[in-house]
Amino acid sequence: MIKVAPSILSADYINLQPDVEKVDQAGAEVLHIDIMDGAFVPALSFGPGVVKALRPVTKMVLDVHMMVQNPERYVEDFAKAGADIIGVHVEATPHIHRALQMIQNAGATPEVVINPGTPVSAILPVLDMVGQVLVMTVNPGFGGQKFLHSTVAKIAELDAIKKEKGYTFDIEVDGGVNNETVVECANAGATVAVAGSYVFNSDDPVARINALKEATK
């Protein structure tokens with residue numbers, strides 16, 4: 001069964017705490033927090049203050065996905081705010097090894113992220129130092145996009161590397177996840193699924209979380 005990580009990018013910002021508590025009680029294991037800087041991606045979103053405010057509200061794992069240029073600038077701030085996992089894009093820094101090392105040194109779990117157009121080969125040198133790999137299954141920056149089926153091959157490739165090398169990192173997918181596409185991802189080796197609009201744009205977010213779990217049993 002896949003772990004579900006609702007993305008607060010699609011939540012009700014005025015009622016963020018009730019929305020978070022709802023998905024927590026529904027059995028979601030991870031809360032996905034998208035950080036966007038208006039440079040690496042066109043949109044702007046949250047800062048460390050939101051992570052700090054959410055930390056006392058839930059015991060879910062706080063998975064901070066930094067879609068920002070030169071993410072090294074913010075690693076310490078998000079770690080201090082209470083992030084459990086900090087993800088950085090290999091495309092966003094010329095110093096991916098250093099960025100992941102900084103996350104580890106700050107006491108959080110390092111995660112490396114790849115865009116749909118980036119091959120798995122780009123992150124091979126750092127797979128031994130991460131607790132999670134995030135495969136973007138849409139282009140980053142906007143919610144509600146359609147799942148890119150071409151990305152499933154990368155999930156399977158990562159799963160094969162993981163088994164061959166004895167690595168233990170989670171494989172997370174983000175973008176266009178619903179009760180159908182999640183099956184494709186889980187069958188390829190994904191262990192965590194980010195779901196934003198599928199969960200929060202529904203009249204019954206709890207039922208949507210259960211549907212994702214049921215589909216991957």
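- Nearest heavy-atom pair across S10 and N201 is O-OD1, 3.7 Å.
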Could you walk me through whether D63 and H65 pass the side-chain hydrogen bond (donor to acceptor under 3.5 Å, both in side chains) check? CA-CA 6 Å; D63 177 8; H65 172 199; over 6 Å; no
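- Heavy-atom neighbours of E184 CD from other residues, nucleotides or ligands within 6.0 Å: above the threshold of 12.
- Judged by distance alone, the side chain of T137 and the main-chain N or O of G175 form a donor-acceptor pair under 3.5 Å.
- In this structure, N105 CG and R98 CZ are separated by 12.5 Å, a value rounded to the nearest 0.5 Å.
- Of all heavy-atom pairs spanning F46 and D34, the tightest one is CD1-O, 3.3 Å.
- Here the side chain of D174 pairs no donor or acceptor atom with the backbone of V194 at under 3.5 angstrom.
- D24 contributes atom CG, which lies 12.0 Å from atom CG of D19 (distance to the nearest 0.5 angstrom).
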Would E172 and T191 satisfy side chain to side chain contact (heavy atoms under 4.5 Å, CB included), going step by step from the backbone distance to the final call? CA-CA 6 Å; E172 183 175 53; T191 53; over 6 Å; no
Can you check side-chain hydrogen bond (donor to acceptor under 3.5 Å, both in side chains) on H95 and E72, steps first, answer last? CA-CA 9 Å; H95 303 292; E72 297 92 334; 5.8 Å; no
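- Rounding to the nearest 0.5 angstrom, the gap separating the CD1 atom in I161 from the CG atom in L158 is 5.5 Å.
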Salt bridge (Lys or Arg N to Asp or Glu O under 4.0 Å) between K162 and D170, intermediate numbers included: CA-CA 9 Å; K162 187 175 161 180; D170 274 309; 5.1 Å; no
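- A distance of 10.0 Å separates OG1 in T93 from CZ in R73, rounded to the nearest 0.5 Å.
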For R55 and L62, run side chain to side chain contact (heavy atoms under 4.5 Å, CB included): C-alpha distance rounded to whole Å, both residues' side-chain angles, the deciding distance at 0.1 Å, then the answer. CA-CA 8 Å; R55 183 67 285 173; L62 298 187; 3.4 Å; yes
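- Side-chain heavy atoms closer than 4.5 Å link hydrophobic residues (I, L, V, M, F, W, Y) into clusters, and following such links, possibly through other members, connects V199 to L16.
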Any chance you could lay out the side chain to side chain contact (heavy atoms under 4.5 Å, CB included) test for L212 and Y198, step after step, and finish with the verdict? CA-CA 10 Å; L212 293 173; Y198 177 75; 3.7 Å; yes
Name every donor-acceptor pair, under 3.5 Å, that has one atom in a side chain of residues 108-126 and the other anywhere in the protein, sequence neighbours excluded.
| from | atom 1 | to | atom 2 | distance (Å) |
| --- | --- | --- | --- | --- |
| E111 | OE2 | Q132 | NE2 | 2.6 |
| N115 | OD1 | H89 | ND1 | 3.3 |
| T118 | OG1 | E91 | OE2 | 2.6 |

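- In plain terms, the two heavy atoms of I209 and A28 that are nearest each other are CD1-CB, 4.1 Å.
- D159 and K163 get closest at one heavy-atom pair: OD2-NZ, 2.8 Å.
- Expressed to the nearest 0.5 Å, how far CD1 of I155 lies from OG1 of T151 amounts to 5.0 Å.
- Linking ILVMFWY side-chain heavy atoms closer than 4.5 Å, directly or via other members, places I35 and F200 in a single hydrophobic cluster.
- Clustering of Ile, Leu, Val, Met, Phe, Trp and Tyr side chains at separations under 4.5 Å places V152 together with F147.
- Look at K59 and E29 and you find no salt bridge, because none of the NZ, NE, NH1 or NH2 atoms lies under 4.0 Å from a carboxylate O.
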Intermediate values then yes/no, side-chain hydrogen bond (donor to acceptor under 3.5 Å, both in side chains), E21 and Q25: CA-CA 6 Å; E21 288 172 344; Q25 288 158 13; 5.3 Å; no
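- Annotation for V177 and T181: closest pair CA-OG1, 3.3 Å, computed over non-hydrogen atoms.
- V30 and F78 are assigned to two separate hydrophobic clusters, defined by single-linkage of ILVMFWY side chains at heavy-atom distances under 4.5 Å.
- Grouping the Ile, Leu, Val, Met, Phe, Trp and Tyr side chains by contacts below 4.5 angstrom, directly or via other members, places L127 with M129.
- Closest of all the heavy-atom pairs between P140 and M67 is CB-SD, 3.5 Å.
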Worked check of salt bridge (Lys or Arg N to Asp or Glu O under 4.0 Å) between E214 and K217: CA-CA 5 Å; E214 284 295 320; K217 265 187 176 177; 3.0 Å; yes
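- Here the side chains of M36 and L9 are in contact, with some heavy-atom distance below 4.5 Å.
- The backbone N or O of P18 sits nowhere less than 3.5 Å from a side-chain atom of N15 that would complete a donor-acceptor pair.
- A continuous path of Ile, Leu, Val, Met, Phe, Trp and Tyr side chains, each step under 4.5 Å between heavy atoms, connects I171 with Y167, placing both in one hydrophobic cluster.
- Partners of D37 under the salt bridge (Lys or Arg N to Asp or Glu O under 4.0 Å) rule, at least two apart in sequence or in another chain, do not exist in this structure.
- When side chains are defined from C-beta on, L31 does not count as touching V61, because their heavy atoms never get closer than 4.5 Å.
- Under a 3.5 Å cut-off, the side chain of T216 and the backbone N or O of M1 do not form any donor-acceptor pair.
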K165 vs D128, side chain to side chain contact (heavy atoms under 4.5 Å, CB included): CA-CA, chis, key distance, verdict: CA-CA 9 Å; K165 301 279 191 183; D128 63 336; over 6 Å; no
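- Put simply, the side chain of V4 reaches to within 4.5 Å of the side chain of P6, judged on heavy atoms.
- Here the CD1 atom belonging to I2 is positioned 6.5 Å from the SG atom belonging to C185, to the nearest 0.5 angstrom.
- Within the 3.5 Å criterion, the main-chain N or O of A211 finds no donor-acceptor partner in the side chain of R208.
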